[in-house]
Amino acid sequence: YGDHRDLHLSLRRQRQMCIRDRYGIDKYINDCKKSGVDGCIVVDSNNEAPEDDKIFKGLTKNNMAFIKLIAPTNDSNYIKQSLKKSSSWLYIVSYAGVTGSKKVNINNVKKLAKMIRKQSKIPIGVGFGIKSYSDVKKVSKLADLVVCGSSIVEKIKEGSKKGLSNIKLAQFVGKYVKKLSKGVKH
């Protein structure tokens with residue numbers, strides 16, 4: 001995570017509690033393990049919920065990371081509780097709302113990164129609204145990981161609408177990702 005020149009590929013799984021609850025927490029964790037998942041982001045987990053503890057314990061027992069989201073509405077106490085359950089990295093959400101719907105809020109990122117760094121040296125990832133080289137450049141000065149998920153999904157949609165498929169679509173999206181990655185600090 002520390003050296004941005006090295007490319008680390010890991011499989012992360014992001015889920016919502018309602019889907020996982022219907023599916024079953026134990027089955028969810030077992031299927032993650034069978035699939036080679038090394039960490040899970042649970043977007044609507046709550047530090048106080050018994051399900052949150054069950055997920056944390058199940059993931060830990062199976063050597064998978066529990067990646068907690070930190071939102072602009074969270075305080076220092078919430079961050080402290082989240083750090084107890086996070087072994088790999090914390091995911092800062094740059095704004096409250098739906099991912100990809102707004103531009104990255106760099107002031108929120110600065111505030112939350114400062115709060116986290118006061119309590120831990122755990123790597124920090126930032127997502128929500130990161131769509132351009134400029135966004136990546138700004139965020140990578142404050143974070144260890146930059147998440148551009150929604151903008152990549154939008155590029156895939158754009159390429160599909162242009163009739164691209166397979167290799168051509170991969171090249172189209174790859175060109176975009178390469179452009180974004182040039183914004184990462186070295």
Side-chain angles (χ1 to χ4, degrees), residues 1 4-23 27-29 31-45 55 64-74 88-110 112-113 123-186:
Y1 291 105
H4 296 287
R5 290 169 289 192
D6 293 336
L7 176 63
H8 295 281
L9 179 64
S10 63
L11 186 57
R12 306 286 180 180
R13 191 158 191 190
Q14 183 172 319
R15 292 301 250 188
Q16 291 181 317
M17 291 286 268
C18 61
I19 294 169
R20 193 194 45 259
D21 288 345
R22 280 188 232 139
Y23 190 69
K27 183 170 175 27
Y28 170 77
I29 291 170
D31 285 353
C32 286
K33 184 176 180 176
K34 286 179 198 171
S35 300
V37 171
D38 65 0
C40 294
I41 300 168
V42 182
V43 296
D44 56 352
S45 71
I55 294 164
M64 290 181 279
F66 192 11
I67 299 134
K68 300 292 286 184
L69 291 173
I70 305 298
T73 55
N74 297 135
S88 86
W89 57 286
L90 283 180
Y91 187 158
I92 291 178
V93 174
S94 84
Y95 58 81
V98 179
T99 182
S101 64
K102 302 176 188 174
K103 289 186 91 34
V104 64
N105 185 324
I106 207 72
N107 290 329
N108 284 342
V109 173
K110 286 178 184 176
L112 291 169
I124 296 171
V126 176
F128 280 51
I130 302 168
K131 302 174 184 178
S132 68
Y133 164 87
S134 176
D135 294 339
V136 171
K137 189 172 182 177
K138 290 175 195 169
V139 170
S140 72
K141 290 177 182 176
L142 302 166
D144 305 292
L145 301 105
V146 180
V147 181
C148 304
S150 293
S151 67
I152 293 170
V153 169
E154 287 303 315
K155 249 330 156 183
I156 293 169
K157 285 182 193 175
E158 181 186 331
S160 294
K161 285 180 182 176
K162 291 180 176 186
L164 303 176
S165 61
N166 301 326
I167 301 260
K168 296 283 185 192
L169 181 59
Q171 290 170 335
F172 178 74
V173 174
K175 185 177 176 182
Y176 174 69
V177 172
K178 188 174 183 177
K179 182 179 175 184
L180 290 176
S181 68
K182 289 181 180 178
V184 176
K185 69 176 181 184
H186 290 283

By side chain to side chain contact (heavy atoms under 4.5 Å, CB included), which residues pair with [X], not counting sequence neighbours?
X	result
K34	D31
A170	none
L180	V136, C148, S151, Y176
N74	I70, A71, Y78

Please round to the nearest 0.5 Å and tell me the distance separating atom [atom1] of [X] and atom [atom2] of [Y].
X	Y	atom1	atom2	answer
F172	K155	CZ	NZ	4.5 Å
L164	I156	CG	CD1	11.5 Å
N108	F128	CG	CZ	12.0 Å
Y133	S181	OH	OG	10.0 Å
S94	L112	OG	CG	9.5 Å
C40	I55	SG	CD1	8.5 Å

> For the side chain to side chain contact (heavy atoms under 4.5 Å, CB included) test, which of L145, V184, V126 pairs with V139?
Replying inline: V126
>> Set out, in order, the CA-CA distance, both residues' side-chain angles and the distance that settles side-chain contact (heavy atoms from CB on, under 4.5 Å) for C32 and I29, then state yes or no.
In response: CA-CA 5 Å; C32 286; I29 291 170; 5.5 Å; no
> Between D144 and W89, is a side-chain contact (heavy atoms from CB on, under 4.5 Å) present by the stated rule, with each step listed?
Replying inline: CA-CA 9 Å; D144 305 292; W89 57 286; over 6 Å; no
Holding to side chain to side chain donor-acceptor pair (under 3.5 Å), I want the full list of residues that pass it with [X], two or more places apart in sequence or in another chain.
X	result
K157	E154
K138	none
N105	none
S160	none

To check you understand the geometry: which heavy-atom pair defines the closest contact between [X] and [Y], and what is its length?
X	Y	result
K68	S45	NZ-OG, 2.9 Å
V93	P72	O-CD, 3.3 Å
L142	K110	CD1-CG, 3.6 Å

> salt bridge (Lys or Arg N to Asp or Glu O under 4.0 Å): which pairs involve residues 163-179, sequence neighbours left out?
Replying inline: none
> Sub-3.5 Å donor-acceptor pair from the side chain of Y95 to the main-chain atoms of K102, do we have one?
Replying inline: yes
> Among all residues two or more places apart in sequence or in another chain, which pass the salt bridge (Lys or Arg N to Asp or Glu O under 4.0 Å) test with K162?
Replying inline: E158
>> Is any side-chain heavy atom of I130 closer than 4.5 Å to one of V147?
In response: no
